[in-house]
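A note on names: the letters A, B, ... follow the listed sequences, proteins ahead of strands, and every chain is numbered from 1.
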Amino acid sequence: MQTFQNYDSNGFFDELFDSNGNPRPEAQLLIDKIEALPPGELRIRQKAAEAQLLKMGITFNVYGRSEGTEKIFPFDIIPRIVSSTDWEQIEEGLKQRIFALNEFLQDIYNDKKILKDKVVPEDLILSSKTYRKQCEGFTPPRGIWCHVTGTDLIRDHEGRFMVLEDNLRCPSGVSYVLENRQVLKKTFPQVFAASRVRPVQDYPSKLLELLEYLAPDHVQSPTIGVLTPGIYNSAYFEHSYLSQQMGVELVEGQDLVVSDGYVHMLTTKGLKRVDVLYRRLDDDFIDPLAFRPDSMLGVPGLMEVYKEGRIAMANAPGTGIADDKVIYAYVPEIVKYYTGKEPILPNVPTYICRKDDDRKYVLDHLDELVVKAANESGGYGMLIGPHSTKEEQAAFAEKITAEPRNYMAQPTINLSRVPTIVGDNAIEGRHVDLRPYVLFGKDIYVQPGGLTRVALTKGSLVVNSSQGGGSKDTWVV
Amino acid sequence: MLSRVANSIYWMCRYIERAENVARFISVNLNLLLDLPSEKDKHWEPLVAITGDHEVFGKNYNDYTEEEVIQFLTFDRDYFNSIISCLAGARENARSIREIISSEMWEHLNNFYLELADPASKRFALDDPHRFFKIIQMRSHLFTGLLDSTMSHGEAWNFARIGMMLERADKTSRILDVKYFMLLPEAEMVDTPIDNIQWMAVLKSASAFEMFRKEHHTINPRKVADFLIFDSNFPRSIRHCLAKAQVSLHRITGSSTGTAHNAAEKKLGRLVADLEYTDIDEVIEQGMHQYLDDLQTRLNLVGTAIGTTFFNLQPLPDNQNQEQ
């Protein structure tokens, strides 16, 4: 019952099967193993994996905590497999892109050459909600702005990898990569070993190395903290997990004070200076004196200490400008401008609503396009044309006309699919994307694999966890 | 370590210990009822009395039946000292310090809570309460074992121990207070071996029966009280708990136990010294209830002093700041 005999790619690009329905070479071992399992066994392993995730406490609350109803982030045990040739392209492409985006950030907050050369329109930058005037004229420690990135990639019907979104603020999800892997090693131990899957587990060490590298020069052994909004944040598990794996402090805003020009933690033995923060709070919230005055989560005065060079932060405040969804459309130009080379990873074709021709096209084709607001994330503020009603389209048309700068549109891409367990007995294709994690320190490291997010609802193209998405382990073999 | 973290680990352990004690009281009561079948319905009210939360019970429940009291003490999320509330509290605290405690501790506590929160566990508790409450106690012991054997015995561990020891001392004093009052209406009977079954139950509530026997053989109220308050070796006696808390406190500050440099050390040090230099005759003379009431107040003050010394640190304004 659970075998792939009736499996149909339905004309989509499938990550495990070729267009003739044969397993791809890198997936052969896995498919053979699953075919050979006794009936019902795959389901049992799926349940065991879920039970393990629940036991590890990787859960989120569903109806508020007093009800005591908790769920795990849905996980499907059939992994997504990426061949090493594909991976090479992704890795090189991401390194190139992150390098260029970092140059871009340094440039727009300082010399503004790219704006003077009119490669990117100046007013577009200055009008972005995520442009931080507070960062003008500032160079962060070691000249690095975007230390941790999670770039969303998709694969179209021909199997071409494209960048869908750059996430340069506080991308989350890497802990799922690490935990999923831990669970899957137990689910398919023999196949895993025989496939020579590239390891992901050294991510925390690489992150620690990066944070130490950022410490102010005079500090011998830096005190490092992960700054979290607290236990009610949906990514709290990740903050806690990463600080545990790195052996550094997990701090909340209330644990930190600025005193004598430095940032200190409140400890049982008095104040202790902090040298580096991996902050998982958005710019808006890190310092009520510099940004949103109503933020209760941040540390008053942090920004001033930071600009004096007495504390390092990853990511640097101000990086959000580079993942503005409209500025995204210019990233291929940005890559060319700073590297002199064509981008290795293309963008998804994008219509920029502030351009008159593009806007006209978008308004005429709302039923075919995906429309996105410049600064929303998590699948919110989005119109998926083919799955929308006339009313929804009209509402978006109004928003676009009122605020063209704030919108962009892309053709609806038929995302590639991966076989996924459905119900009790079936395996069907479900659409996926891929978010590899990139660390920019002494050099650029791309974690081999990344988070494969899967839209569990049949036919759905939205992979966000807030919208019914789950995840899969990603094997680079 | 961070003050917030120290606070969380301290409370995590207090809550676990509190949950265990509730389970322990219920277990002993269940056992007692097997010996006293005719008094079945009279024995659930005192159980609520030990908690001191009579009024809370009265608001939402009608009768002191086995089912109602078990529901109240075990599963009532609106009652802050119920086992489920304690475990939820312990788990929320643990969640905020997951990177500090071992994964084994977290997974065990998480599972402990999830299984109790499962709707099936209520059925289990009513169908087979003896086994159910035994399991709760064993899980608490397992947690304590994991604390001891999977986590470094550094600062965090010592805060955990203080939380556990203060809670345990408080619970032992409560059970003695309530039972002594109920079982001994007249003070001159203090040396008479009365109500053997009931006094055995008091000892069993603190897992003290066997150890008591080895020490004292015959049971009378004076000896029971002496053992539960002053015995220096029994791990649930008040004196022992506070002495252990004191050791942990001084390991945290690095000062020797003979000295006191902050409010917590002073308050706890004085209490421990008083226990050293008081005996059961003085207590009986003063009045057991008076003595225990006073002791509980002082335990609360120790708790407050630990809070102000370690958890609620307020940074001085910039201009007054001393070099550290």
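- A/V226 does not touch chain B: none of its heavy atoms, backbone or side chain, sits under 4.5 Å away.
- Rounded to the nearest 0.5 Å, atoms OG1 (A/T268) and CG (B/N7) are 11.5 Å apart.
- Residue A/S243 holds its OG atom at 7.5 Å from CD1 of B/I100, rounded to the nearest 0.5 Å.
- Annotation: salt bridge (Lys or Arg N to Asp or Glu O under 4.0 Å) contacts involving residues 301-314 of chain A, sequence neighbours excluded, are absent.
- Of the atoms belonging to A/Y241, not a single heavy atom falls under 4.5 Å from chain B.
- For chain A, no part of B/I306 is nearby; none of its heavy atoms comes within less than 4.5 Å.
- When the candidates B/S103, B/A6, B/S96 are compared by the number of heavy-atom contacts under 4.5 Å with chain A, B/S96 comes out ahead.
- Considering NZ of A/K55 and NE2 of B/H108, their distance stands at 11.0 Å, rounded to 0.5 Å.
- The contact between B/F159 and chain A is made entirely by side chain atoms (from C-beta outward), counting heavy-atom distances below 4.5 Å.
- For A/Q254, the part lying under 4.5 angstrom from a heavy atom of chain B is the side chain only.
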> What's the verdict on side-chain contact (heavy atoms from CB on, under 4.5 Å) for B/F310 and A/K269, showing C-alpha distance, side-chain angles and the deciding distance?
Replying inline: CA-CA 7 Å; B/F310 299 109; A/K269 302 209 160 100; over 6 Å; no
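- Remark: side-chain polar atoms of B/N110 are paired, donor with acceptor, to backbone N or O of A/L54 under 3.5 angstrom.
- Of the two parts of B/I97, only the backbone, made up of N, CA, C and O, holds a non-hydrogen atom closer than 4.5 Å to a non-hydrogen atom of chain A.
- Partners of A/S295 according to the side-chain hydrogen bond (donor to acceptor under 3.5 Å, both in side chains) rule, which considers only residues two or more places apart in sequence or in another chain, do not exist here.
- Annotation: side chain of A/F237 is not in contact with side chain of B/R95 (no heavy-atom distance under 4.5 Å).
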> Stepwise, does the side-chain contact (heavy atoms from CB on, under 4.5 Å) test hold for A/V251 with B/L2?
Replying inline: CA-CA 8 Å; A/V251 293; B/L2 287 177; 3.5 Å; yes
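- In terms of heavy-atom proximity, A/L250 sits nearest to B/E99 at CB-OE2, 3.2 Å.
- Within a 6.0 Å radius of CD in B/E67, other residues, nucleotides and ligands contribute 12 heavy atoms or fewer.
- In terms of heavy-atom pairs under 4.5 angstrom with chain A, the leader among B/R98, B/E155, B/E107 is B/R98.
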>> Apply side-chain contact (heavy atoms from CB on, under 4.5 Å) to residues A/T267 and B/M1 and explain how you reach the verdict.
In response: CA-CA 5 Å; A/T267 78; B/M1 68 189 307; 5.8 Å; no
